[in-house]
Amino acid sequence: MSEIPKEEYITTCTAACAGCSSSLSLRYVLKAAGPDTVLVVPACCTSVIQGMYPNTSFNVPVYNIAFAAAAACASGMSKAFKSAGKKTNVIVYAGDGGTVDIGIQALSGAFERGTNFLYICYDNEAYGNTGMQRSGATPLGALTTTTPAGKTETKKDLDQIVAAHNPPYMATACSAYPLDLYKKVKKALSIEGPKFIHILAPCPPGWRYNSDKTIEIGKLAVKTGSWVLYEREYGKLTVSGPSRTALKKPHPIEEYIRAQGRFKKATPEIVAELQQSIEKNLARIKKEEEGIC
Amino acid sequence: MLMISTGNKAIAAAVKQARPSVVAAYPITPQTEIIEQIASYVANGEVETEYIPVESEHSAMAACIGASVTGVRTFTATSSHGLLYMHEMLHWAAGARLPIVMANVNRAVGPGWNTWAEHTDAFSQRDTGWLQVFVGTVQEAYDATLMAFRIAEDERVLLPVMVNLDGFTLSHIMQSLETVDLGDFIPPTRLPYAIDVKNPMGYGPMTGPDDYFRFRWDIERSMRDARDVIRETEEEFARRFGRKYGPAEEYLCEDAEVVVVSMGTLGKEAEVAVDLLRKEGVKAGSMRLRWFRPFPDLDLKGREVVVIDRDYSFGFGGVVAASLKAKTGIECYNVIAGLGGQEVTYDDIADFVRNRRIGEEMWFGVSE
């Protein structure tokens, strides 16, 4: 961890919940990006965490924009900095709802146009700051306030959607592995064009576990293969270190979902379906890494 | 330089001279020609503008917002459903005090699908905090666009400006256009609170009731100050370039006993109607309302007023007539005409005056 700068861009007191992993992730994102950075934030937990006017808990400019508009706003900002001859990093830091649901058109447009920016989706698998309503990223079987019996549909595969746009760099990360995230942000920002990082961000109140278990839950997601860490540089996929073991032999999904209250109504059939989808996904990633598909 | 131009190309010519750093736009009929022309200026290297071909109008305005907040000049153009799709971001642009300039080619709103002129699209944005000017000629489309940049970017205003021109009847017709040698008429953009990484701030964060209320008041205060800025800008434009504009274009109003109030191209048609009526001995005048926001004070006391509304607020009445009544207390004869490009000739307008029934409303060709 010694290579990570000591500079902090988030103050020690924020409006984040105890054990919030999206703000933990942002801490490392900003350490990697440095001070010449502007954050673009749509409606999401981060728009709350930064604090209420006239205060801010971040030490970089934060531009708050309407829910559906983050990627388009960043497109304009990136072009404006270019026209002014500035090298400033433009980073969208958006939740899953603002990315996979309402913001996906702007995301797709910005990637198609080759916008020079980094889009980070921190995924707590629901609409977090409004009290955990279902999003397109909520997994099958999870309880939310709008899926009181458990979600009946599967999680939207954002990474495949982004991959279809052929960005020069995309990666997955998890708040439980900050060094891996830090390196990925560093690498992403060294590349010209649209970059994408998808962070799994466990959420104690939303996922219904104790706030001191945030790192443990994130690690279980990776160990069970529920969340696979990888990078795709110019189309070439490489699985990241922490996911190597899961790729060979994942822990059973039960270890991950039984640790969370949101899956308490998941039936054996749903657990089996979740396990199957993990195996299918791991097999696909393994093949892609080997260059078979 | 004197030339023949469409309304759309006149706007593009003005934008080119204003040299925005960023233009983000999405094509929509009948605005398309504006952005095609700008795209070709950019492609030919005639202007150093970053052109962002966005995937929707919502994104067009979002991209302008993202660019503008860094302190650069921005422009976009739209029409009808495009404008409606932007609606959320129009609030955001004005609330964030960004001097974005936009041309809106006024067009009806579906269904039924209709691409012809109507003012409902612009009036639906009435409360977004945008300044709105409506033009009546190709020349005015050009002149108003130049002035829009200067007005929007004035530190007393710092609000976005919408330049409205009627779809097809102005966007696509050819008239003479005299371009100006701009000189220093539009100074470099200076946004006092542009994003600066050396002075990091939060832009548009959560705001409690007290601060939010003050921000709203600040917008209104700037809207009021904008009246002076508009007047000063139009006066300076007249001094430098010889063409004079005001909150309304008055035609034979001095001694008029009956005044036709209208907007856009119908206002020019009304002038011909006034000539016709004068020949009949009717002391008529025309007042073409140019600025809709901020809404000007119009001198209509002691005259009979016929208001032509190319719009309607359902369950209520014509928007211009209602605005006039609210501002002046004057009862008018409200004619709803020209919706969806309905043809309205100067003969028709003369008839509206001849057959006026003050205090009543009439839907031209429908309720009569």
Side-chain angles (χ1 to χ4, degrees), chain A residues 9 15 34-43 47-84 86-90 92 102-103 105-113 115 117 129, chain B residues 19-24 26 48-74 76 85-93 95-96 98 100 189 193-208 210-212 214-215:
Chain A
Y9 300 94
D36 196 1
T37 297
V38 177
L39 281 184
V40 176
V41 174
S47 57
V48 176
I49 290 167
Q50 66 187 272
M52 190 180 274
Y53 177 88
N55 302 307
T56 172
S57 55
F58 299 159
N59 201 18
V60 294
V62 183
Y63 197 71
N64 291 276
I65 193 74
F67 213 175
C73 175
S75 262
M77 199 177 275
S78 171
K79 285 287 190 188
F81 283 137
K82 186 186 167 207
S83 79
K86 292 179 181 167
K87 293 273 184 203
T88 304
N89 299 314
V90 176
V92 172
I102 196 168
Q105 171 186 295
L107 174 80
S108 178
F111 274 73
E112 182 268 334
R113 287 190 299 274
T115 298
F117 78 141
N129 76 329
Chain B
R19 309 181 72 79
S21 297
V22 173
V23 169
Y26 187 78
E48 277 181 39
T49 295
E50 293 289 340
Y51 179 76
I52 311 179
V54 283
E55 77 291 347
S56 78
E57 289 90 349
H58 194 277
S59 286
M61 189 47 62
C64 284
I65 289 168
S68 183
V69 75
T70 72
V72 305
R73 183 167 295 149
T74 59
T76 188
Y85 195 32
M86 273 182 192
H87 177 73
E88 179 192 27
M89 302 318 297
L90 296 192
H91 276 286
W92 210 279
L98 300 174
I100 297 163
T189 318
Y193 297 101
I195 277 186
D196 178 4
V197 292
K198 292 188 180 68
N199 181 23
M201 292 189 286
Y203 295 80
M206 284 206 307
T207 310
D210 289 351
D211 290 316
Y212 182 85
R214 270 184 213 107
F215 288 147

Original post:
Given the options A:Val60, A:Thr37, A:Ile65, which has more heavy-atom pairs under 4.5 Å with chain B than any of the others?
Top reply: A:Ile65
Original post:
Where do B:Ile52 and A:Gly76 come nearest, in terms of heavy atoms and distance?
Top reply: CD1-CA, 3.7 Å
Subject >> Region of B:Asp196 in contact with chain A, defined by heavy-atom distances below 4.5 Å >> reply: backbone
Subject >> Heavy-atom closest contact (B:Ala62 atom, A:Ala72 atom, distance) >> reply: CB-CB, 3.7 Å
Subject >> Top contributor to chain B contacts, counting heavy-atom pairs under 4.5 Å, from A:Ser83, A:Ser78, A:Ser57, A:Ala84 >> reply: A:Ser83
**OP:** Could you have a look at B:Ala60, B:Ala24, B:Pro53 and say which one has the most heavy-atom pairs with chain A under 4.5 angstrom?
**Re:** B:Pro53
**OP:** Below 4.5 Å from any heavy atom of chain B, which atoms of A:Val90 appear? Answer side chain, backbone, both or neither.
**Re:** neither
Original post:
At their closest point, which heavy atom of A:Gln105 faces which heavy atom of B:Tyr85, and how far apart are they?
Top reply: OE1-OH, 3.5 Å
Original post:
How long is the gap from CE on B:Met201 to CG on A:Asn59, to the nearest 0.5 Å?
Top reply: 12.5 Å
**OP:** Step by step, work out the side chain to side chain contact (heavy atoms under 4.5 Å, CB included) result for A:Ser75 and B:Val54.
**Re:** CA-CA 9 Å; A:Ser75 262; B:Val54 283; 5.8 Å; no
**OP:** Calculate, to the nearest 0.5 Å, the distance between atoms OH and OG1 belonging to B:Tyr203 and A:Thr56 respectively.
**Re:** 10.5 Å
Original post:
Which atoms form the tightest heavy-atom contact between A:Pro61 and B:Pro200, and what is the distance?
Top reply: N-CB, 3.5 Å
Original post:
Taking all non-hydrogen atoms of both residues, which atom of B:Ala96 and which atom of A:Tyr63 are closest, and how far apart?
Top reply: CB-OH, 3.6 Å
Subject >> Proximity breakdown for A:Thr115 and chain B, heavy-atom pairs closer than 4.5 Å >> reply: neither
Original post:
Could you walk me through whether B:Ile195 and A:Phe81 pass the side chain to side chain contact (heavy atoms under 4.5 Å, CB included) check?
Top reply: CA-CA 10 Å; B:Ile195 277 186; A:Phe81 283 137; 4.1 Å; yes
Subject >> B:Phe215 versus chain A, the contacting section by heavy-atom distance below 4.5 Å >> reply: side chain
**OP:** Rounded to the nearest 0.5 Å, what's the gap from OG on A:Ser47 to CE on B:Met206? Could you check?
**Re:** 7.0 Å
Subject >> Heavy-atom pair count under 4.5 Å with chain A, highest-scoring of B:Gly202, B:Ser21, B:Ser68, B:Pro205 >> reply: B:Pro205
Subject >> Residues which pass side chain to side chain donor-acceptor pair (under 3.5 Å) with B:Thr207, listed by chain and number, not counting sequence neighbours >> reply: none
**OP:** Grab the two heavy atoms, one from A:Pro35 and one from B:Val197, that are nearest each other, plus how far apart they are.
**Re:** O-CB, 3.7 Å
Original post:
Strictly by modelled atom types, are B:Glu55 and A:Ser108 linked by a side-chain donor-acceptor pair under 3.5 Å?
Top reply: no
Original post:
Could you state the interatomic distance from CE (A:Met77) to SG (B:Cys64), rounded to the nearest 0.5 Å?
Top reply: 12.5 Å
Original post:
Which bit of A:Ala74 is near chain B, if near means a heavy-atom gap under 4.5 Å: side chain, backbone, both or neither?
Top reply: neither
**OP:** Supply the atom-to-atom distance A:Cys73 SG to B:Met89 CE, rounded to the nearest 0.5 angstrom.
**Re:** 7.0 Å
